[in-house]
There are 2 protein chains.
Amino acid sequence: MPRVLSSEDVEAFRARLCEAAQTLFAERGIEAVTMRELAQALGVSPMTPYRYFKDKDAILAAVRAAAFARFAARLEAAMAQPADPLHRSRNAGQAYVDFALAEPQAYRLMFDLSQPTEGDYPELQGAIVRARRTMTVHVEAMIQAGQLEGDAELIGHLFWSVLHGMLMLQLTGKLAPTIDPAKLRTLASQTLVRGLGIVTP
Amino acid sequence: MPRVLSSEDVEAFRARLCEAAQTLFAERGIEAVTMRELAQALGVSPMTPYRYFKDKDAILAAVRAAAFARFAARLEAAMAQPADPLHRSRNAGQAYVDFALAEPQAYRLMFDLSQPTEGDYPELQGAIVRARRTMTVHVEAMIQAGQLEGDAELIGHLFWSVLHGMLMLQLTGKLAPTIDPAKLRTLASQTLVRGLGIVTP
DNA sequence: CAACATAAATTTACATCGTAAACAATCATC
DNA sequence: GATGATTGTTTACGATGTAAATTTATGTTG
């Protein structure tokens, strides 16, 4: 049933496809999902998705970009709560952990070394930049509040590294069975606060 | 040219295959390597590898186990240098970074979320345990030397998380272009030393 | 030593995947 | 209403992982 498509229709189909892909990824794992399945989930014939995306990589990139956007939105929402900068940082950290544990497949898609399809796909690039920006904003707030001093971007990346490392080890099942991830996160938090000389209000 | 194979021959072939796989992985990336290529690299017909490994996953697991073993050996060698515990920790951290940057494909294979083929393959499990053990030994040494107090395993996992997080972000190209990875590592080290109250000699 | 059994390796074959190319069906425009 | 473009489908192809059949070479036995 072909019709003339407005660009809104195109966007709508793309969005539906991304959503279906995300759902299937979460259910069956990323590489278990095939183009044919995806088309079937949308009720179209196997080749139809190719009218809206160049290839599978392009779909992956779009789903990744959407995941980064959702991720950034969560962090921004957590930091929007009124509180002193240190507490807002804690909230953001909690939101980070919540996201990764609630949507491990999305987190994996975002941070796996699977494909270096980064450079292409400017939409994806933008989503990453936005998410990364969030990582340093809260540090700048603490610095401005006099709770901390130093290079905000560098310190932001340190927070990020600690969170990312703990979560990746947890998600990949690399933590020792005796390790309680929550305790590890508490220790990490306390250690960073002390180590960076953050003034606790 | 079939012959009766001793179990040493079998092991030798497996080792050759793993080595070839590792080389090809490093060259062309992991998922770009095909069973047929692998067989060709060994000068055998495409199906021969299946006489020595159940399937491709089994080969992946064997290469992963070998990578973990090499990794653990490097860390252990770095810590075997005579020095006070804190310096041995630093050496181990440097060895960790060196390994990941020198063999990014191996590091990726070890820590990607690609397949949860962990549970099967006891050989792999053992290699991981050995590598993980290394991560806490140096902390125990510092505690015994009175340079630090706390839960050695938990603190070991904190060190591990920070290193792993920084390296993964670097290897996946997620660090901001303005970030110097070496500076980030320096900040991380200083922050952990201060935050954990490590007594510097 | 000749015939055979068995283990090793190869060849053939197949299902599945991503996707290119050919085709069909619908609508906008003249 | 004929025509050309746009959307969707069908068909087809090469590549991949691997199962099954087949060949080849060795060690064993009468």
Side-chain angles (χ1 to χ4, degrees), chain A residues 1-18 20-22 24-25 27-64 105 109 112 114-117 120-121, chain B residues 1-18 20-22 24-25 27-64 105 109 112 114-117 120-121:
Chain A
M1 304 87 172
R3 245 179 53 237
V4 152
L5 291 189
S6 68
S7 67
E8 294 91 36
D9 288 333
V10 171
E11 270 327 296
F13 186 93
R14 288 187 166 204
R16 276 208 309 142
L17 200 156
C18 284
Q22 185 208 317
L24 287 179
F25 288 168
E27 279 174 11
R28 257 196 288 307
I30 293 165
E31 54 274 324
V33 176
T34 165
M35 283 289 119
R36 286 165 167 90
E37 273 182 302
L38 231 122
Q40 195 177 10
L42 294 179
V44 298
S45 81
M47 286 299 287
T48 300
Y50 286 94
R51 298 228 137 239
Y52 297 88
F53 289 97
K54 183 181 174 305
D55 54 18
K56 197 179 187 182
D57 268 13
I59 296 178
L60 266 281
V63 175
R64 290 223 285 172
Q105 293 291 344
L109 188 59
D112 243 23
S114 307
Q115 302 104 338
T117 54
D120 335 307
Y121 311 113
Chain B
M1 303 90 169
R3 246 177 54 234
V4 153
L5 291 189
S6 67
S7 66
E8 294 93 37
D9 288 333
V10 171
E11 270 327 297
F13 186 92
R14 289 186 165 206
R16 276 209 309 143
L17 199 156
C18 284
Q22 185 208 316
L24 287 179
F25 288 168
E27 280 174 10
R28 255 196 289 307
I30 292 165
E31 55 274 324
V33 176
T34 167
M35 283 288 119
R36 286 166 167 89
E37 274 182 301
L38 230 122
Q40 194 176 11
L42 295 178
V44 299
S45 81
M47 286 299 287
T48 301
Y50 286 94
R51 300 217 127 250
Y52 297 88
F53 288 97
K54 183 183 174 304
D55 54 18
K56 197 179 186 181
D57 267 13
I59 296 178
L60 266 283
V63 175
R64 288 223 287 171
Q105 293 290 344
L109 188 59
D112 243 22
S114 308
Q115 302 103 339
T117 54
D120 336 306
Y121 310 112

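A, B, ... follow the sequence lines: proteins, then strands. Residue 1 opens every chain.
Rounded to a whole Å, the CE atom of A:M47 is 11 Å from the P atom of D:dT9. If you take OH of A:Y52 and P of D:dT6, they are 14 Å apart, rounded to a whole angstrom. The distance from atom CZ of B:F13 to atom C1' of C:dA8 is 11 Å, rounded to the nearest whole Å. Straight-line distance from the CZ atom of A:R51 to the C1' atom of C:dA22: 12 Å, rounded to whole Å. In this entry the distance linking CZ of B:F53 with P of D:dA19 reads 16 Å, nearest Å. Put simply, CD1 on B:I30 is 14 Å from P on D:dG17, counting in whole angstrom units. Here the C1' atom of nucleotide D:dT16 and the CG atom of B:D55 are 14 Å apart, to the nearest Å.
For the atom pair CZ (B:R51) and CZ (B:R14), the distance works out to 12.5 Å, reported to the nearest 0.5 Å. One finds the CZ atom of A:R64 at 9.5 Å from the OH atom of A:Y121 (value rounded to the nearest 0.5 Å). In this structure, CZ on A:R28 lies 11.5 Å from CD on A:Q105, to the nearest 0.5 angstrom. With rounding to the nearest 0.5 angstrom, the CG atom of A:L17 is 10.0 Å from the OG1 atom of A:T48. To the nearest 0.5 Å, atoms CG (B:L109) and CG (B:L60) are separated by 5.5 Å.
Taking the screw axis at each terminus of the helix from C:dC1-D:dG30 to C:dC30-D:dG1 from five consecutive base pairs, the angle between the two is 30° to within rounding of 10 degrees.
Look at A:Y50 and you won't find any side-chain N or O under 4.0 angstrom from OP1 or OP2 of D:dT7.
Closest approach of B:K56 to B:V33, counting heavy atoms only: NZ-O, 3.0 Å. Between A:P46 and A:R36, the shortest heavy-atom contact is CB-CG, 4.1 Å.
DNA chain D lies under 4.0 Å from at least one heavy atom of each of the following residues of residues 33-46 of chain A: A:R36, A:V44, A:S45.
For the pair A:P49 and A:L38, the minimum side-chain heavy-atom distance is 4.5 Å or more. Annotation: side chain of B:C18 is not in contact with side chain of B:I59 (no heavy-atom distance under 4.5 Å).
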